[in-house]
Amino acid sequence: MSPHDDRSEKEDDVISAPASSGDQPISSLLIIIAMQTEALPLVTKFQLVEDESSVFPKGVPWVRYHGKYKDMDISLVWPGKDLTLGVDSVGTISAAIVTYASIQALHPDLIINAGTAGGFKAKGASISDVFIASEVAFHDRRIPIPVFDLYGVGLRQAFHTPNLVNELSFKVGKLSTGDSLDMSQQDESAIIANDATVKDMEGAAVAYVAEMLKVPSIYIKAVTDIVDGDKPTAEEFLQNLMAVTAALDLAVTQAVDFINGKSLSEL
Ligand code: SAH
């Protein structure tokens with residue numbers, strides 16, 4: 001282990017527990033976002049500031065912005081830029097470890113994983129649509145041995161938010177996660193088997209950790225590209241990223257405003 005950072009071992013051992021129970025108003029919200037372009041408008045919107053002394057180990061690229069917004073403490077965590085290559089640390093590994101570290105450090109009542117996603121027009125998705133995921137699963141963890149196959153798929157329920165969905169008229173769909181932006185034929189079959197409408201690179205990884213540490217989690221995904229359309233995904237993604245990020249940020253702001261003052265059971 002590297003020399004100790006400023007936290008004591010004792011603090012590291014603290015078992016994560018949400019700050020408030022299901023009937024209390026949500027007081028601590030953790031927003032996890034993979035890309036800087038998606039994160040920064042929300043940092044501005046909620047008037048968050050970057051931590052001066054990080055709650056994370058020294059040397060990691062993970063960035064936490066925090067502040068008080070209405071009645072809640074909001075932390076927005078972005079896994080930062082890859083230390084070697086300088087691009088956003090997208091994908092499941094970064095998503096899982098920042099989720100773990102953030103829950104341990106911050107004990108949030110609720111997690112929102114927000115980001116862009118590919119959408120399937122055959123399942124009713126269009127560019128700029130905002131989806132709340134009803135459930136999340138992986139599509140690139142093929143282990144064709146009984147029970148390991150289910151472990152690979154890693155199906156998990158998102159926290160159920162019927163009032164939020166009705167009030168804000170978000171679309172609802174299943175989210176499928178894998179570590180590639182493109183889609184192989186095998187991925188496609190698995191996504192169809194997952195009955196997914198949207199496809200990202202982080203959701204199911206966040207869900208794995210959130211469930212393990214018993215923190216409710218919701219997934220807000222805005223469609224940057226149509227996966228079953230005729231445009232190349234990477235091109236379409238980059239073309240739409242700025243405009244769709246605006247739709248995503250509006251949706252996350254509406255969701256946070258809705259959540260403010262409510263308990264988990266009121267969502
Ligand atoms: N070239 C991009 C790479 C981003 S990777 C860049 O500008 O850095 C794509 C990110 O958007 C991931 O965080 C992923 O969750 C999401 N995403 C958008 N469309 C996707 C798709 N069709 N499939 C998988 N992930 C997608």
Side-chain angles (χ1 to χ4, degrees), residues 31-42 61-63 76-99 111-123 125-133 136-141 154 158 171 173-192 194 196-209 217-249 251-252:
I31 304 175
I32 296 178
I33 297 191
M35 293 185 61
Q36 189 174 37
T37 311
E38 301 160 344
L40 289 185
L42 287 171
W62 316 335
V63 183
L76 188 156
V77 174
W78 163 56
K81 301 276 186 190
D82 181 85
L83 290 174
T84 312
L85 299 171
V87 293
D88 285 317
S89 305
V90 300
T92 60
I93 295 177
S94 291
I97 54 178
V98 298
T99 303
I111 295 173
I112 297 178
N113 172 222
T116 55
F120 290 82
K121 66 171 194 269
K123 302 280 290 176
S126 311
I127 300 289
S128 283
D129 277 353
V130 178
F131 280 87
I132 293 268
V136 299
F138 293 99
H139 56 254
D140 61 355
R141 307 200 315 171
K171 292 188 169 182
K174 296 177 187 174
L175 171 65
S176 195
T177 299
D179 268 306
S180 299
L181 180 65
D182 69 2
M183 182 172 69
S184 68
Q185 269 182 2
Q186 276 176 315
D187 285 354
E188 185 172 14
S189 312
I191 291 169
I192 291 168
N194 287 343
T197 307
V198 276
K199 162 184 184 287
D200 80 340
M201 298 174 63
E202 293 86 16
V206 172
Y208 173 72
V209 180
S217 57
I218 63 177
Y219 302 81
I220 303 179
K221 300 283 163 171
V223 176
T224 38
D225 49 273
I226 294 299
V227 187
D228 53 351
D230 34 25
K231 295 197 183 133
T233 295
E235 216 172 277
E236 195 179 19
F237 169 81
L238 290 172
Q239 219 167 55
N240 292 326
L241 182 61
M242 292 311 289
V244 173
T245 294
L248 175 69
D249 291 332
V252 173

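Both ligands and their constituent atoms are indexed starting at 1 by order of listing. Positions are given from 1 along the sequence.
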| note | Between L175 and the options V198, I191, T197, N194, the side chain to side chain contact (heavy atoms under 4.5 Å, CB included) test singles out V198
| message | So, regarding D88 and ligand 1 (criterion: nitrogen or oxygen to nitrogen or oxygen, under 3.5 Å), is there a contact or not? | response | no
| query | Is it true that A117 lies under 4.0 Å from ligand 1, counting heavy atoms only? | reply | yes
| said: When you compare the side chain of M35 with that of L241, does any pair of heavy atoms fall below 4.5 Å? | reply: yes
| Nearest-contact summary for atom 12 (C) of ligand 1 - protein heavy atom, Å | E202 OE2, 3.5 Å
| message | Just to verify, which of D200, T177, I31 counts as forming a side chain to side chain contact (heavy atoms under 4.5 Å, CB included) with N113? | response | D200
| note | Quick note on ligand 1: atoms under 4.0 Å from a heavy atom of T233 include exactly 22 (N)
| message | If you measure every N or O of A34 against every N or O of ligand 1, does any of those distances drop under 3.5 Å? | response | no
| field | Options T92, T116, T37, ranked by nearest heavy atom to atom 11 (O) of ligand 1, top entry | value | T116
| Would you find a donor on one side and an acceptor on the other, under 3.5 Å apart, between the side chain of K121 and the backbone of D228? | yes
| Quick one: does ligand 1 sit under 4.0 Å from the side chain of M35, the backbone, both or neither, non-hydrogen atoms only? | side chain
| query | What part of A234, side chain from CB on, backbone N/CA/C/O, both or neither, has a heavy atom under 4.0 Å from ligand 1? | reply | neither
| query | Can an N or O of K199 be found at a distance shorter than 3.5 Å from an N or O of ligand 1? | reply | yes
| ligand 1 contact on T224 by region, counting heavy-atom pairs under 4.0 Å | side chain
| field | Within reach of ligand 1, part of D200 (heavy-atom separation under 4.0 Å) | value | both
| task | Please write down residue, atom name and distance for the protein heavy atom closest to atom 2 (C) of ligand 1. | result | F237 CE2, 3.4 Å
| field | Main-chain N/O of D129 paired with K221 side-chain donor or acceptor, under 3.5 Å | value | no
| Nearest protein heavy atom to atom 26 (C) of ligand 1, by residue and atom, and its distance? | L181 CD1, 3.6 Å
| Contact check, V87 vs ligand 1, heavy-atom distance below 4.0 Å | no
| field | F237 backbone acceptor or donor facing D225 side chain under 3.5 Å | value | no
| field | Polar atom proximity, D225 to ligand 1 (N or O, under 3.5 Å) | value | yes
| query | Of the choices M201, E235, H139, K81, which has the non-hydrogen atom that lies closest to atom 5 (S) of ligand 1? | reply | M201
| Does L238 have a heavy atom less than 4.0 Å from any atom of ligand 1? | yes
| Short side-chain to backbone donor-acceptor contact, S128 and V244, under 3.5 Å | no
| query | So, T92 and D179: side-chain donor and acceptor under 3.5 Å apart, yes or no? | reply | yes
| field | Non-hydrogen side-chain atoms of H139 and M183 separated by less than 4.5 Å | value | no
| request: Using atom types as modelled and distance alone, determine if a side-chain donor or acceptor of S94 lies under 3.5 Å from a backbone N or O of V90. | output: no
| said: According to salt bridge (Lys or Arg N to Asp or Glu O under 4.0 Å), who are the partners of D187, at least two apart in sequence or on a separate chain? | reply: R142
